[in-house]
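Here's the structure we're looking at; comments come further down.
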Amino acid sequence: MIDVKHARANADRLKEIVRLRKVDPAKADVDRWLALDDERRRLQWDIDQVNSEKKKIAALGRSDPDSARRKGQELRERSRELEAEMGAVIREWTALMDWFPNLIDPGMPEGAGPEDNVEECAWIPGRGYLDSAQLGRGDHSAEFMPPRPIHAGGEEFAPRHYTELGEMLGGVDTLQGGKVSGSRFAYLLGDVALMQMAIHRLLTDELVRRGYTPMVPPLLVRERALYGTSHFPEGRDQVYEIKTHNVEEPIPLFLVGSSEPTNFSYFMDRTLEESELPFRVFAATPCFRSEAGSWGKDVKGIKRVHQFDKIEMNAVCTPGQSDGVYAEFSEMNEWLMQQLALPYRIVDKCTGDAGYLASYRQRDVEVWMSGSGEFMEVMTDTNTSDYQARRLKIRYRGGDGNLRHCHTVNDTGCAMGRMLIAILDNYQQADGSVRVPDVLRETMRKDRLTPKRTEVER
RNA sequence: GGAGGAAUGGCCGAGCGGUCGAAGGCGGUGGUCUUGAAAACCACUGUGCCGGAAACGGCACCGGGGGUUCGAAUCCCUCUUCCUCCGCCA
């Protein structure tokens, strides 16, 4: 949520941001909110006056209980009416404000959708960064990216789709996953499962080396955790709700779609010391997503599934630190992509495509699938400034002794399923085998994944 | 699952239904004293909202919610959390 006073004083800018971020103007109705805000303040003033009277009457009660009783009863009635009125106003006022997007970084590109995202950089293993002239908006750099599987050597062949490779290797089983759990569920097994573990090891070692605090969080959370990071109310339809029975407390719990809400909620209602900021954590957890609204999209394979594993990086920091952490996370993303020798680009997300309401600035890392000739999103780095910290009440005491809201920054360390897809695609060989990226060979104790079947039976 | 007890400010800990935002202590900040430090002494020391340029003023908050009352930290109901004992499970 944004600062109430700021919203009131900068209503025109807020309306503009609602438009730029493509938020439903009926849900984030700024004019209605302003009217309610006036109402709220008027009522608060009235309530304060009545309470002040009540206090005086209470004192009078010692000397003259009878007249105090008479006046006091009237005041109590008045007070109850005002409180009821206030309750209704606050409910609507809050509901509108829940849909106000965060302020946006002055540097965030303006645009309508993904076609207006700005390419920050693009990198190709063995070649390095593209020239800035080769970058642009939308998919400008695509024509400069490798046209065929980049780790396949010189031999000419028709690249296989990763879903086919996964099945041939006997490492991705969506059929049995579907039988056990339904569509968009899969088993990973054998070398592909092993490869996920190796990536996990590679990244966690590095994060620990860099001083990030490992965290194993709860995955079933109460509503407030998801509200706090602004995954609610906006993304409510993306989340699995668990109807809890046979438990102590029969309230709904929700399966997290990312460990971000549960990781940041570790800090909620807390006041941190400035000296311990930035506080960086990472967690490796399963993530659960309903994918409502994209049924029928990416139905094959494991690109878009209801459950996947992800390493998430989160930081709680001061306002002065968030830009730096945002850059640091991006650098961490590039480190992993380069370690795995995968071609990628980074795009600066435009106002029309900048993700959830909390975004102040956001960039995506997209791996280049050299086998299938397309980019695929694998990481999202987001500076949410104080938006989430406000909702979660995460504050710090500054050197001057004053309390301020922290900033929060989050980034995907590694989305496992998609990273595996990217490796299968980029490291595929003519015979359907897949080379193991150099950096994973020692952990996996092998340098090649070999097909169990030469072709997929369908 | 059963039986008890508890929840007060950064921490510890008082608090007969009325003048309690709340004693006292610890911690913290500033000052006096000292060459410096310690000790001692003095003062200040919660958060949020509203009004105000500010000084300052008003209101709310004693685990959460509701109730009784002219008036609630104090009484009642309820929820949550923690502790002790019994049982069960790992």
Side-chain angles (χ1 to χ4, degrees), chain A residues 1-11 33-98 100 216-218 220-225 227-228 242-254 262 265-277 279 316 318 386-406:
Chain A
M1 104 188 146
I2 57 174
D3 180 59
V4 172
K5 285 178 192 152
H6 187 275
R8 195 153 60 215
N10 301 279
W33 180 82
L34 285 169
L36 286 165
D37 191 56
D38 279 345
E39 184 71 359
R40 182 183 66 90
R41 281 183 294 162
R42 188 185 63 74
L43 281 168
Q44 187 62 58
W45 195 83
D46 288 349
I47 288 169
D48 286 355
Q49 293 310 303
V50 171
N51 282 341
S52 181
E53 279 301 305
K54 278 163 78 175
K55 278 187 161 179
K56 289 176 194 146
I57 298 295
L60 174 70
R62 304 199 70 195
S63 52
D64 184 358
D66 284 338
S67 73
R69 210 176 324 264
R70 198 155 22 78
K71 281 195 73 178
Q73 279 169 348
E74 284 171 29
L75 284 171
R76 194 166 59 189
E77 282 313 302
R78 177 78 185 127
S79 178
R80 283 186 176 158
E81 287 165 20
L82 287 170
E83 296 283 357
E85 219 177 314
M86 186 63 152
V89 168
I90 289 281
R91 266 191 297 281
E92 192 184 349
W93 178 85
T94 306
L96 289 170
M97 204 164 52
D98 285 347
F100 288 177
V216 179
L220 279 171
V221 298
R222 296 180 183 186
E223 183 161 3
R224 187 174 167 210
Y227 175 78
I242 306 298
K243 305 287 185 195
T244 44
H245 303 292
N246 306 321
V247 292
E248 304 96 306
E249 202 190 359
I251 61 167
L253 290 173
F254 301 86
T262 185
S265 294
Y266 177 73
F267 300 95
M268 80 179 165
D269 296 328
R270 294 196 184 186
T271 300
L272 306 170
E273 289 302 321
E274 187 170 12
S275 59
E276 61 187 334
L277 304 177
F279 200 128
V316 178
T318 68
D386 63 1
Y387 192 91
Q388 298 179 320
R390 248 174 230 289
R391 281 198 185 174
L392 288 169
K393 293 192 170 59
I394 305 174
R395 298 181 297 179
Y396 74 100
R397 196 172 291 281
D400 55 5
N402 289 325
L403 289 175
R404 274 189 218 91
H405 285 104
C406 293

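Residue numbering restarts at 1 for every chain, and letters A, B, ... go by the order of the sequence lines.
- Interatomic distance, OG1 of A:Thr94 versus CE of A:Met1, reported as 9.0 Å (0.5 Å rounding).
- With B:U47, B:C49, B:G51 as the candidates, the nucleotide lying closest to the side chain of A:Gln44 is B:C49.
- One P atom belongs to B:G27, the other to B:C11, and the distance between them is 16 Å to the nearest Å.
- Pairing of B:G46, defined by two Watson-Crick or G-U wobble distances under 3.5 Å, is identified with B:C61.
- With rounding to whole Å, A:Lys5 atom NZ is found 11 Å from B:G52 atom P.
- In a base pair of the Watson-Crick type (N1 to N3 plus N6-O4 or O6-N4) or a G-U wobble (N1-O2 and O6-N3), with each distance short of 3.5 Å, B:U74 is matched with no nucleotide.
- For A:Lys54, the NZ atom sits in a packed shell: over 12 heavy atoms of surrounding residues, nucleotides or ligands are nearer than 6.0 Å.
- For the C1' atoms, the distance from B:A22 to B:A14 is 10 Å, rounded to whole Å.
- The gap from the P atom of B:U8 to that of B:C82 amounts to 14 Å, rounded to the nearest Å.
- If you take CZ of A:Arg42 and C1' of B:C49, they are 17 Å apart, rounded to a whole angstrom.
- Within residues 47-57 of chain A, the residues approaching RNA chain B are A:Asp48, A:Asn51, A:Ser52, A:Lys55, A:Ile57, by heavy-atom distance under 4.0 Å.
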>> One pair to check against salt bridge (Lys or Arg N to Asp or Glu O under 4.0 Å): A:Glu74 and A:Lys71. What are the steps and the verdict?
In response: CA-CA 5 Å; A:Glu74 284 171 29; A:Lys71 281 195 73 178; over 6 Å; no

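- In summary, A:Glu83 and A:Arg80 do not engage in a salt bridge, as defined by a charged side-chain N under 4.0 Å from a carboxylate O.
- The distance between atom CG of A:Asp46 and atom C1' of B:G58, rounded to the nearest whole Å, is 13 Å.
- Atom CG of A:Leu403 is separated from atom P of B:C49 by 11 Å (rounded to the nearest Å).
- Annotation for A:Arg91: atom CZ does not count as buried by contact number, only 12 or fewer foreign heavy atoms lying within 6.0 Å.
- The partner of B:A39, taking Watson-Crick or G-U wobble pairs whose two distances both stay under 3.5 Å, does not exist in any strand shown.
- Here the side chains of A:Val316 and A:Tyr266 are not in contact, with every heavy-atom distance at 4.5 Å or above.
- In this model, the phosphate group of B:G51 is approached by a side-chain N or O of A:Arg41 to a distance below 4.0 Å at OP1 or OP2.
- A cation-pi arrangement is absent between A:Arg222 and A:Phe254, since the terminal nitrogen or guanidinium carbon is not both under 6.0 Å from the aromatic centre and inside a 45° cone about the axis.
- For the P atoms, the distance from B:G15 to B:U74 is 14 Å, rounded to whole Å.
- Pairing for B:A54 is absent, judged as Watson-Crick or G-U wobble with the two contacts each under 3.5 Å.
- The two residues A:Thr262 and A:Pro218 have their closest heavy-atom pair at OG1-O, 2.8 Å.
- Nearer to the 5' terminus of RNA chain B, by closest-nucleotide assignment, is the contact made by A:Arg395 (compared with the other of A:Arg395 and A:Asp37).
- The separation of B:G46 from B:A53, taken at their C1' atoms, amounts to 26 Å, rounded to a whole angstrom.
- Rounded to a whole angstrom, the distance from the P atom of B:A39 to that of B:U29 is 12 Å.
- The partner of B:U69 is absent, by the rule that a Watson-Crick or G-U pair needs both atom distances under 3.5 Å.
- Taking 4.0 Å as the cut-off between side-chain N and carboxylate O, A:Asp386 and A:Arg391 do not count as a salt-bridged pair.
- Separation of the C1' atoms belonging to B:A40 and B:U34 is 12 Å when rounded to the nearest angstrom.
- Residue A:Arg404 contributes atom CZ, which lies 13 Å from atom P of B:U47 at whole-angstrom precision.
- Look at CD1 on A:Ile90: it is 14 Å from P on B:G65, rounded to the nearest Å.
- Per the geometry, CG belonging to A:Asp38 stands 17 Å off P belonging to B:C49, to the nearest Å.
- B:G87 is unpaired under the criterion used here, namely a Watson-Crick or G-U wobble arrangement in which both key atom distances are under 3.5 Å.
- For the salt bridge (charged side-chain N to carboxylate O under 4.0 Å, His left out) with A:Asp269, the lone residue among A:Arg224, A:Lys393, A:Arg395 that qualifies is A:Arg224.
- Across all strands shown, A:Arg70 has no heavy atoms under 4.0 Å from either base or sugar-phosphate atoms.
- Summarising the base pairing, B:C82 is matched to B:G5 through a Watson-Crick or G-U wobble pair whose two defining distances lie under 3.5 Å.
- From A:Ile57, atom CD1 reaches atom OG of A:Ser67 across 7.0 Å, with rounding to the nearest 0.5 Å.
- Nearest-nucleotide mapping onto RNA chain B: of A:Arg76 and A:Arg8, the residue sitting toward the 5' end is A:Arg8.
- Distance CE (A:Met86) to C1' (B:C50): 10 Å, rounded to an integer number of Å.
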Are there any protein N/O atoms within less than 3.5 Å of an N/O atom in nucleotides 7-12 of chain B, and if so, which ones and at what distance?
none

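- Nucleotide B:G10 forms a Watson-Crick or G-U wobble pair with B:C26, both donor-acceptor distances falling under 3.5 Å.
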Would you list the atom pairs, donor with acceptor, under 3.5 Å between side chains in residues 36-49 of chain A and any protein atom, with sequence neighbours excluded?
residue: A:Asp37; atom: OD1; partner: A:Arg40; partner atom: NE; Å: 3.1
residue: A:Asp37; atom: OD1; partner: A:Arg40; partner atom: NH2; Å: 3.0
residue: A:Asp37; atom: OD1; partner: A:Trp93; partner atom: NE1; Å: 2.9
residue: A:Asp37; atom: OD2; partner: A:Arg8; partner atom: NH1; Å: 2.7
residue: A:Asp38; atom: OD1; partner: A:Arg41; partner atom: NH2; Å: 2.8
residue: A:Glu39; atom: OE2; partner: A:Arg42; partner atom: NH2; Å: 3.2
residue: A:Arg42; atom: NH1; partner: A:Asp46; partner atom: OD2; Å: 3.1
residue: A:Gln44; atom: NE2; partner: A:Asp48; partner atom: OD1; Å: 3.0

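- Across B:G4 and B:G13, the matching C1' atoms stand 23 Å from one another, rounded to whole Å.
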